Amino acid sequence: MNVGEILRSRYKILEVLGSGAFGIRYLAEDIDVPYNPKCVIKQFKSNANPGVLNIAKRLFESEAQVLYRLGNESDRIPKLFSRFEDKGQFYLVQEFVDGEDLTKEVLPGKKSSEAEVIQLLEEILEVFTVTHNRNIIHRDIKPANLIRRKKDGKIVVIDFGAVKEVSILMMNTEGQIFPSVAIGTPGFMPREQASGQPKLCSDIYAIGMLGIYALTGVEPHDLPKDPTNGEIIWQNWANVSDQMADVLSKMVRYNFRERYQSAFDTMDAIIALKPKLKPKSQSQSLINSKQRREVLKILGGLGAGVGLTILLGRIFGIDSNSSQTLNVITNPDTSTPTSLIKTTTPQTSLIKNTTQSNRPLQTFKFETVTVNAKGKITNRRNLNANYFIEDLGNGVTLYMVKIPAGTFTMGSPRNENLRDDDESPQHQVSVPGFFMGRYQVTQAQYEAIMGSNPAKFKGINRPVEQVSWDDAVVFCKKLSQKTARTYRLPSEAEWEYACRAGSTTSFYFKETITTDLVNYDGNYTYADAPKGVYRGKTTEVGKFPPNAFGLYDMHGNVNEWCEDTWHSNYKGAPNDGSAWVDNDNQSSKLLRGGSWTHLPRNCRSADRHTKSRDVRNYDIGFRVVMVFA
């Protein structure tokens with residue numbers, strides 16, 4: 001495109017911002033909007049080599065998905081406004097960040113002080129607590145991709161074209177897996193990334209090299225390496241404390257296992273380098289590194305993007321004049337101390353609603369698995385999610401997991417095995433953030449709220465069944481009254497978005513399911529998976545591996561009621577995540593997820609079916625959601 005050219009009768013090209021291996025970035029203005037706001041357009045750079053073409057397209061797709069996920073969670077990551085194809089070319093339109101990149105601050109021959117570098121690293125790591133909390137690797141951290149925004153002086157991370165979600169393999173058009181592509185900038189790219197196997201700590205290496213560059217004024221690719229062990233030799237060009245040298249050296253270790261493993265670990269070490277400040281009163285407590293880690297995880301889960309000190313002040317109401325204490329409780333999932341902060345400003349909380357009640361988020365760790373078409377586990381991932389606990393009384397609790405806002409493709413593609421026509425047409429849906437029950441509502445939870453237990457297969461930790469849609473709605477109303485928060489059934493779009501958890505395959509396990517992973521009728525199979533067991537009843541919740549959001553039993557065990565009325569296809573369906581309710585058809589309601597009685601095809605992420613709202617079957621239950629205020 002040329003300067004002055006107008007794309008799609010809307011975006012006027014102002015100048016070329018830069019060009020890379022796979023794309024060209026333009027500064028443009030949106031002439032379709034009053035005041036003609038500026039935006040950045042990234043154009044796919046065509047290449048005759050089909051292999052490079054496929055890689056580039058997938059990088060663009062990856063960038064779009066990440067910007068959709070992260071742009072609304074952090075003000076330090078550009079928002080994605082539009083993604084489209086025009087005349088065979090692919091484009092992303094994203095937020096323009098007005099400022100200067102760090103090549104104006106960190107440059108050859110300029111040496112920054114130790115205190116300046118500590119501050120710089122802290123600012124950068126704040127952003128990556130958000131991305132690393134989502135298990136997303138940037139892969140190209142360097143001064144040119146970090147912009148200091150003019151309006152507030154904050155650092156914004158750009159150019160997510162090289163991002164790679166942990167464990168996601170790139171595939172060519174024939175569906176064959178090929179090795180991950182080595183993308184990055186020499187000097188900032190560690191060896192495992194150069195070999196196509198980046199990890200979260202690969203980003204830490206790049207951030208560490210940026211810090212060394214700022215201290216020494218020597219560009220990373222010009223620094224020598226110890227020929228005996230591959231370690232970077234840099235301290236000859238810098239005058240820093242031993243503590244600072246130790247932290248930076250650990251960030252850039254040759255062996256990735258010896259580095260800090262994520263932004264959380266590194267942030268602890270960097271903040272520990274800052275001068276210790278005496279509290280202004282004896283009652284004012286300093287937060288230690290373990291407590292800070294928990295705060296950062298919470299902030300990362302909420303998409304925090306401002307300084308730690310500012311965040312503590314804004315979120316927890318801490319100031320020099322307030323008296324505060326730190327109370328440590330035990331995380332029931334990991335027996336790990338989790339720090340909670342109680343302040344003198346109870347109006348401020350991590351989860352807000354009409355009553356402004358405090359519900360501090362905790363973090364739990366879990367393992368997800370993916371399988372191939374034969375049902376064999378091909379990958380395991382250790383992830384974490386944020387949640388809070390609702391106390392229902394008498395020792396009964398309800399775990400509510402934070403589901404981040406995002407955009408996904410709802411429905412199934414026409415080539416999906418054993419799909420149904422009511423799963424069409426596929427369409428994009430943008431879902432606001434919400435909280436969802438980690439498990440299907442159990443019999444103990446149902447009885448705590450309703451005072452009865454209608455289930456056929458008794459067990460306090462088994463899902464409640466034999467509940468009608470109306471029963472489930474009454475449960476939600478009573479739960480809302482008890483907690484002074486808004487609980488309801490999920491919309492069908494919320495349910496599928498939460499079930500998929502970023503996956504696009506038939507199941508969140510990927511190719512198929514087995515009865516080692518899901519409770520369904522194992523006499524039947526899907527894809528090339530083997531037959532399994534038929535249990536003939538429900539199982540306790542949480543028995544099988546969760547999805548990437550930390551939700552259990554989204555496939556099988558019991559069907560789950562949704563808020564929507566039944567429609568035979570998605571023509572005219574809302575795209576904002578809301579329930580699709582037809583007032584002329586209130587009797588037929590939606591069910592999702594499949595059950596212990598169902599074939600595996602009925603447990604797919606896109607499968608949907610309907611029952612009358614007053615039906616009470618012993619394979620029908622539900623789970624609840626709580627909306628952000």
Side-chain angles (χ1 to χ4, degrees), residues 392 396 398 420 436-479 487-490 492 495 499 507 513-526 531-544 546 551-566 586-605 607-625:
L392 305 186
V396 180
L398 174 66
D420 297 308
M436 191 174 211
R438 183 172 168 185
Y439 310 111
Q440 295 158 339
V441 172
T442 66
Q443 294 172 35
Q445 292 164 346
Y446 191 86
E447 189 165 5
I449 297 299
M450 301 290 282
S452 62
N453 179 10
K456 172 182 175 66
F457 304 109
K458 299 297 183 184
I460 59 173
N461 290 324
R462 291 179 186 269
V464 69
E465 11 88 9
Q466 296 200 122
V467 290
S468 67
W469 185 89
D470 292 303
D471 294 333
V473 169
V474 171
F475 176 93
C476 292
K477 289 181 178 179
K478 289 188 174 183
L479 178 61
Y487 283 92
R488 58 170 171 76
L489 294 176
E492 185 183 15
W495 191 97
C499 176
F507 307 91
I513 52 175
T514 69
T515 54
D516 290 332
L517 304 173
V518 175
N519 183 16
Y520 64 95
D521 188 345
N523 293 311
Y524 300 89
T525 64
Y526 191 88
K531 288 186 177 181
V533 300
Y534 174 52
R535 297 178 175 87
K537 57 185 177 181
T538 61
T539 51
E540 288 192 354
V541 299
K543 178 180 176 66
F544 302 104
L551 301 174
Y552 291 78
D553 297 308
M554 296 296 285
H555 299 310
N557 214 12
V558 292
N559 292 283
E560 299 179 21
W561 288 114
C562 291
E563 195 173 7
D564 309 57
T565 51
W566 170 253
Q586 284 286 358
S587 62
S588 298
K589 293 295 183 179
L590 254 296
L591 287 164
R592 285 301 205 113
S595 75
W596 62 269
T597 67
H598 276 154
L599 280 60
R601 64 174 294 180
N602 303 123
C603 299
R604 291 175 300 112
S605 298
D607 188 79
R608 53 200 299 267
H609 46 288
T610 180
K611 293 286 185 183
S612 174
R613 63 189 294 165
D614 58 359
V615 164
R616 294 184 177 92
N617 287 350
Y618 44 77
D619 67 342
I620 296 179
F622 66 104
R623 76 178 73 211
V624 297
V625 303

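All figures in this text were calculated on a predicted structure; none of them were measured in a lab.
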**Request:** Answer yes or no: is there a donor N or O on one side and an acceptor on the other, between the side chain of Lys611 and the main chain of Trp469, under 3.5 Å?
**Result:** no

**Asked** Hey, what do you get for CZ (Arg623) to CD (Gln440), rounding to the nearest 0.5 Å?
**Response** 5.0 Å

**Prompt:** How many angstroms lie between OG1 in Thr525 and CD1 in Ile513, if you round to the nearest 0.5 Å?
**Reply:** 10.5 Å

**Request:** Could you tell me whether a side-chain N or O of Trp561 sits under 3.5 Å from a main-chain N or O of Val473, the two making a donor and an acceptor?
**Result:** no

**Prompt:** Donor-acceptor pair, Arg613 side chain versus Gln586 backbone, under 3.5 Å?
**Reply:** yes

**Message:** Quick check: do Val396 and Glu447 have side-chain heavy atoms less than 4.5 Å from each other?
**Reply:** no

**Request:** Look up atom NE2 in His609 and atom NE2 in His598, then write down how far apart they are to the nearest 0.5 Å.
**Result:** 4.5 Å

**Item:** Nearest heavy atoms of Gly621 and Val467, plus distance in Å
**Value:** CA-CG2, 4.0 Å

**Message:** Using modelled atom types and a 3.5 Å cut-off, is there a donor and acceptor pairing between side-chain atoms of Glu540 and backbone atoms of Asn461?
**Reply:** no

**Message:** Is it the case that atom OH in Tyr534 sees more than 12 heavy atoms from other parts of the structure closer than 6.0 Å?
**Reply:** yes

**Prompt:** What is the minimum heavy-atom distance between Ile620 and Val615, and which atoms define it?
**Reply:** CD1-CG1, 4.1 Å

**ring pair (Phe, Tyr, Trp, His ring centres under 6.0 Å) partner of Trp596, the single match among Phe457, Phe544, Tyr520** = Phe457

**Item:** Heavy-atom pair with the smallest gap, counting every atom of Tyr526 and Arg604
**Value:** OH-CD, 3.6 Å

**For Cys476, the option from Ile449, Val624, Val441 that meets side chain to side chain contact (heavy atoms under 4.5 Å, CB included)** = Val624

**Fill in**
The reported gap from CG in Asn519 to CG in Asp521 (rounded to nearest 0.5 angstrom) is 9.5 Å

**Asked** With distance as the sole criterion, is a donor-acceptor pair present between the side chains of Ser612 and Asp614 under 3.5 Å?
**Response** yes

**Prompt:** Any side-chain heavy atom of Ile460 within less than 4.5 Å of one from Thr442?
**Reply:** no

**Cation-pi, Tyr618 ring and Lys456 (6.0 angstrom, 45 degrees)** = yes

**Request:** Please name the pair of heavy atoms, one in Cys499 and one in His555, separated by the smallest distance, quoted to 0.1 Å.
**Result:** SG-CE1, 3.6 Å

**Fill in**
Separation between NZ (Lys458) and NZ (Lys537), nearest 0.5 Å, reads 14.5 Å

**Asked** Can Leu489 and Phe622 be said to form a side-chain contact (heavy atoms from CB on, under 4.5 Å), step by step?
**Response** CA-CA 8 Å; Leu489 294 176; Phe622 66 104; 3.8 Å; yes

**Message:** A side-chain contact here means heavy atoms from C-beta on lying under 4.5 Å apart; do Leu398 and Leu479 qualify?
**Reply:** yes

**Request:** Could you check Val625 against Tyr487 for side-chain contact (heavy atoms from CB on, under 4.5 Å), going step by step and ending with a plain yes or no?
**Result:** CA-CA 6 Å; Val625 303; Tyr487 283 92; over 6 Å; no

**Request:** Applying side-chain contact (heavy atoms from CB on, under 4.5 Å), run through Ser605 and Arg592 and close with a yes or a no.
**Result:** CA-CA 8 Å; Ser605 298; Arg592 285 301 205 113; 5.9 Å; no

**Given Asn559, Asp619, Thr538, Asn557, the one that forms side chain to side chain contact (heavy atoms under 4.5 Å, CB included) with Glu465** = Thr538

**Request:** For Gln445 and Leu392, run side-chain contact (heavy atoms from CB on, under 4.5 Å): C-alpha distance rounded to whole Å, both residues' side-chain angles, the deciding distance at 0.1 Å, then the answer.
**Result:** CA-CA 7 Å; Gln445 292 164 346; Leu392 305 186; 3.9 Å; yes

**Asked** Does any N or O in the side chain of Thr610 come within less than 3.5 Å of the main-chain N or O of Lys589, such that one atom is a donor and the other an acceptor?
**Response** yes

**Prompt:** Looking only at atom types and distance, does a side-chain atom of Arg535 sit under 3.5 Å from a main-chain N or O of Thr515, one as donor and one as acceptor?
**Reply:** yes

**Prompt:** Can you tell me how far the CG atom of Asn453 sits from the CZ atom of Arg462, to the nearest 0.5 Å?
**Reply:** 11.5 Å

**Asked** Once the angle between the rings of Phe475 and Tyr446 is folded into 0 to 90°, is it parallel (under 30°), tilted (30 to 60°) or perpendicular (over 60°)?
**Response** parallel

**Prompt:** Lys531 versus Asn523: any side-chain heavy-atom pair under 4.5 Å?
**Reply:** no

